[in-house]
Amino acid sequence: MRKPNIVISGFLVLGLFTCASASVVAAKTQVRSLAVDGDPLRLELIWNEAVDLDLFVTGPAGETIYYGNKQSKNGNKVVEESNCKSLVAQPKFLREVVIIPSAQRGKYRVSVDFIFHCGTGLEKADAELILFNDLTSDQLSDQKIVVRRQFLNTVAMEFEVGEK
């Protein structure tokens, strides 16, 4: 039996833009989960509103994978993504998925950004970040978030993968 080796921290960072300055408000939560160096992980972002949300995952080596860089040097990759064009074709399929085939020891940062309202006029969307062991399909973490379309709006979750 393995010991808890991932610590997941959630951060909600809201930037409020005023004439010459920006202020940031942050709230933090912590959840313990199970994963170790070498485990295959799957991170899913799921939402219900017809807007374009984007998932960004930065690994311990500092490389970020997202719609513009779909695969990292160590094999982490975006395997599913939604955008305004795909939402017209499949309006009920609102999901982005990143696979980490062999988790490396260290910290990962997960961010979600509200890119476009896709003609809906919406300024916020409820979403869920779910982390799975991709081999066993065990759910390691589940975090509900609200993503807002505004200056410096970022929702993030950080987790650390431990030694075997």
Side-chain angles (χ1 to χ4, degrees), residues 1-14 26-83 86-87 89-115 118 122 124-148 153-164:
M1 175 175 258
R2 293 189 270 177
K3 300 185 296 184
N5 287 326
I6 277 189
V7 175
I8 298 175
S9 301
F11 294 86
L12 175 61
V13 180
L14 301 173
K28 181 177 176 181
T29 61
Q30 251 189 15
V31 180
R32 288 204 172 272
S33 192
L34 298 173
V36 293
D37 188 28
D39 277 352
L41 302 176
R42 181 177 76 247
L43 185 67
E44 296 185 11
L45 171 66
I46 302 167
W47 66 100
N48 293 320
E49 302 294 344
V51 298
D52 183 4
L53 301 184
D54 283 340
L55 182 61
F56 297 78
V57 179
T58 304
E63 187 175 9
T64 301
I65 57 170
Y66 62 105
Y67 66 91
N69 181 34
K70 294 185 188 223
Q71 185 162 341
S72 69
K73 293 173 186 161
N74 61 3
N76 302 342
K77 61 185 170 183
V78 175
V79 295
E80 290 182 36
E81 67 176 305
S82 296
N83 56 37
S86 69
L87 296 178
Q90 297 178 335
K92 295 189 187 253
F93 188 72
L94 305 169
R95 181 168 92 158
E96 296 213 348
V97 179
V98 166
I99 297 291
I100 302 169
S102 182
Q104 295 180 327
R105 202 172 103 196
K107 289 185 181 180
Y108 287 79
R109 180 176 173 92
V110 180
S111 299
V112 179
D113 197 9
F114 189 129
I115 302 297
C118 301
L122 295 173
K124 69 175 185 167
D126 294 330
E128 190 171 9
L129 282 168
I130 308 170
L131 181 65
F132 295 93
N133 178 306
D134 199 36
L135 180 65
T136 64
S137 293
D138 290 341
Q139 185 173 315
L140 305 175
S141 176
D142 179 2
Q143 186 169 344
K144 293 183 184 341
I145 57 176
V146 176
V147 187
R148 298 186 187 283
N153 184 357
T154 304
V155 178
M157 175 175 67
E158 288 186 336
F159 60 92
E160 188 168 327
V161 175
E163 291 183 52
K164 276 191 175 184

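Since the structure is predicted, the reported quantities are computational estimates derived from the model, not experimental observations.
Rounded to the nearest 0.5 Å, atoms CG (Asp54) and OG (Ser111) are 11.5 Å apart. Interatomic distance, Ile130 CD1 to Leu45 CG, rounded to the nearest 0.5 Å: 9.0 Å. The distance from atom CG of Asn48 to atom CG of Asp126, rounded to the nearest 0.5 Å, is 8.0 Å. Note that CG of Leu129 and CD of Glu96 are 11.0 Å apart. Values are rounded to the nearest 0.5 Å. We find the CG-CE distance between Leu131 and Met157 to be 5.5 Å, quoted to the nearest 0.5 Å. In this structure, the separation between CG on Asp134 and CG on Leu140 is 10.5 Å, given to the nearest 0.5 Å.
Among Leu55, Val97, Ile100, the single residue meeting the side-chain contact (heavy atoms from CB on, under 4.5 Å) criterion with Leu43 is Leu55. Put simply, the residue from Asn76, Asn69, Thr58 that forms a side-chain hydrogen bond (donor to acceptor under 3.5 Å, both in side chains) with Thr64 is Thr58.
For the residue pair Val110 and Phe159, the shortest heavy atom distance occurs at CG2-CE2, 3.8 Å. The two residues Val78 and Ile65 come nearest to each other via the heavy atoms N-CD1, 4.3 Å. Between Leu94 and Glu49, the closest heavy-atom pair is CD1-O, 3.3 Å. Gln104 and Val161 get closest at one heavy-atom pair: O-CB, 3.4 Å. When every heavy atom of Trp47 is checked against every heavy atom of Ala127, the shortest pair comes out as CB-CB, 3.9 Å. Here the shortest heavy-atom pairing between Phe114 and Leu53 reads CA-CD2, 3.7 Å.
Legend: residues meeting salt bridge (charged side-chain N to carboxylate O under 4.0 Å, His left out) with Lys124, ordered by chain and number and at least two apart, are absent. Residues passing the ring-ring contact (aromatic ring centres under 6.0 Å, His included) test with Phe132, sequence neighbours excluded: none. Shown here are the side chain to side chain contact (heavy atoms under 4.5 Å, CB included) partners of Lys73, two or more places apart in sequence or in another chain: Glu63.
Between Phe56 and Tyr66, the two ring planes are parallel [angle under 30°; tilted spans 30° to 60°].
Although no hydrogens or angles enter the test, the distance criterion places no donor-acceptor pair under 3.5 Å between the side chain of Asp113 and the main chain of Ile115. Within the 3.5 Å criterion, the main-chain N or O of Tyr67 finds no donor-acceptor partner in the side chain of Glu81. A donor-acceptor pair under 3.5 Å links the side-chain atoms of Asp37 to the main chain of Arg105, judged by distance alone.
Between Lys144 and Glu128, some side-chain heavy-atom pair lies under the 4.5 Å cut-off.
One finds no salt bridge joining Lys107 and Glu158 here, because no Lys/Arg side-chain nitrogen approaches an Asp/Glu carboxylate oxygen to under 4.0 Å.
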